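Below you'll find the structure, written out as structure tokens, and then a few comments.
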Amino acid sequence: MKPSLLVARAVFPEVLEKLTMHFELTSNQDDTLWSSVELIRQLQDKVGVFTTGSERIDAAVLSACPDLKICANMAVGFNNFDVVAMTAAGVLATNAPDVLTETTADFGFGLLLATARRITESEHFLRAGRWHRWRYDMFAGAEVHGSTLGILGMGRIGQGIARRGAHGFGMQVIYHNRARLDEATEVACGAHYVSKEELLKRCDHLVLVLPYSAESHHAIGAAELAQMKPTATLVNIARGGIVDDVALAAALRQGRLAAAGLDVFEGEPTVHPDLVALSNVVLTPHIASATIPTRRAMANLAADNLIGFLIHGQPLTPLNPQVLGR
Ligand code: DGY
């Protein structure tokens, strides 16, 4: 008999077909948003689950689902997993790194451009029929080329953004990260390591690409925003909760920060009304990795982790490989 697997959200039909070759599948192709009670109900007797980054797997879920052996996230971020609890329960966690790096870096840079150059704000103005004549300072934004790009969180995506800024736009790139990169990687990225304080003070554009954790919760709050230039822009493609959205809205409203580009939000898909009310914010619905080839590659990697582990005993991108030997 094939092992039983749950696919918790809608996914590409060909990925489902691939999984069907190996597993007895229950799939949420209707894409219903399940409560945690419903998720636990659906997980009964399943040895594996395909998640998309929004399904919370914690100690309560694990203790209610004793057959579960692996949770495979179709996302590089895994803040929906309590990896410590999963490791304690002997449940493997996998994510989907690398395959989305360049696509997400493209989007981060695009969001920076849209924000600094006021692209969506000016489009709304045009569509509203308010464009009657040219004016010398109409939607004048911030310079991107030659300016100073700050990156907080210098993993693979941060490095991709640094390369685009340094080599494509002639920017001075400074970064802060928990660990400094080796010299060869810094040279390849054209990036210089600085303290977080110096990063905030010097940058004209700040892009956030750090993972969300208790440690990075509100890494950008009122105190950090106060250190930034009033002409600066802030771009968040990492996770909601890294920025204090209320403090950000206040800084933007009071002209203490020029603009923000946000793809992620505290409590998404709800967006704080103070942010929605502002014209100097570009808002997108968590789409940084959203191209069809990349989303397909992410889904295939999650599926290959499930097949690799449950059928061949070898996952591709484990987050807690220490459970493998048990
Ligand atoms: C990720 O992979 O973590 C993205 O945020 C999901 O789109």
Side-chain angles (χ1 to χ4, degrees), residues 7-12 15 28 31 33-34 49-58 70-83 86 92-112 114-115 151-161 164 177-178 207-217 219-220 234-243 245 260-271 282-306 315-320:
V7 177
R9 295 290 303 275
V11 73
F12 296 96
V15 174
N28 179 13
D31 218 25
L33 290 179
W34 290 334
V49 59
F50 180 117
T51 53
T52 60
S54 38
E55 299 72 38
R56 178 96 190 126
I57 305 291
D58 56 17
I70 173 173
C71 304
N73 233 17
M74 179 193 154
V76 65
F78 51 90
N79 53 304
N80 57 318
F81 287 171
D82 181 340
V83 178
M86 291 172 79
L92 187 74
T94 67
N95 69 338
D98 300 320
V99 292
L100 78 178
T101 299
E102 298 303 326
T103 298
T104 306
D106 283 348
F107 186 88
F109 214 86
L111 192 53
L112 190 166
T115 306
I151 301 176
L152 187 58
M154 198 61 157
R156 289 160 284 216
I157 297 169
Q159 291 171 33
I161 291 169
R164 282 159 177 77
N177 196 42
R178 266 180 311 187
V207 182
L208 308 178
V209 211
L210 64 168
Y212 181 75
S213 64
E215 198 189 320
S216 66
H217 181 73
I220 300 294
L234 173 75
V235 171
N236 187 6
I237 56 164
R239 278 291 181 270
I242 290 174
V243 176
D245 285 351
L262 307 172
D263 188 47
V264 288
F265 306 88
E266 288 191 283
E268 65 185 53
T270 302
V271 178
V282 180
L283 304 165
T284 53
H286 201 148
I287 57 166
S289 65
T291 67
I292 291 298
T294 292
R295 286 282 165 87
R296 190 171 273 133
M298 292 163 72
N300 273 301
L301 181 49
D304 290 342
N305 269 310
L306 290 160
L316 301 179
T317 51
L319 291 164
N320 53 351

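Since the model is a prediction, treat every value here as computed from it, not as a measurement. Ligands are counted one by one from 1 in listed order, and the atoms in each one are counted from 1 as well.
With sequence neighbours excluded, the residues forming a side-chain contact (heavy atoms from CB on, under 4.5 Å) with Thr317 are Thr94, Asn95, Pro97, Leu301, Asn305, listed by chain and number. Qualifying salt bridge (charged side-chain N to carboxylate O under 4.0 Å, His left out) partners for Arg156, counting only residues two or more places apart in sequence or in other chains: Asp98. Every residue meeting the side chain to side chain donor-acceptor pair (under 3.5 Å) condition with Ser54, not counting sequence neighbours, appears here in chain and number order: Arg9, Thr52.
With values rounded to the nearest 0.5 angstrom, Ile242 atom CD1 is found 11.0 Å from Asp245 atom CG.
Annotation: Arg178, atom CZ; neighbour count of heavy atoms from other residues, nucleotides and ligands within 6.0 Å does not exceed 12.
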Practice prompt. Might you work through the salt bridge (charged side-chain N to carboxylate O under 4.0 Å, His left out) test for Arg164 and Glu102, ending with a clear yes or no?
Written response: CA-CA 10 Å; Arg164 282 159 177 77; Glu102 298 303 326; 2.8 Å; yes

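Using a 4.0 Å heavy-atom criterion, the residues that approach ligand 1 are Ala75, Val76, Gly77, Leu100, Arg239, His286, Ser289, Arg295, Met298.
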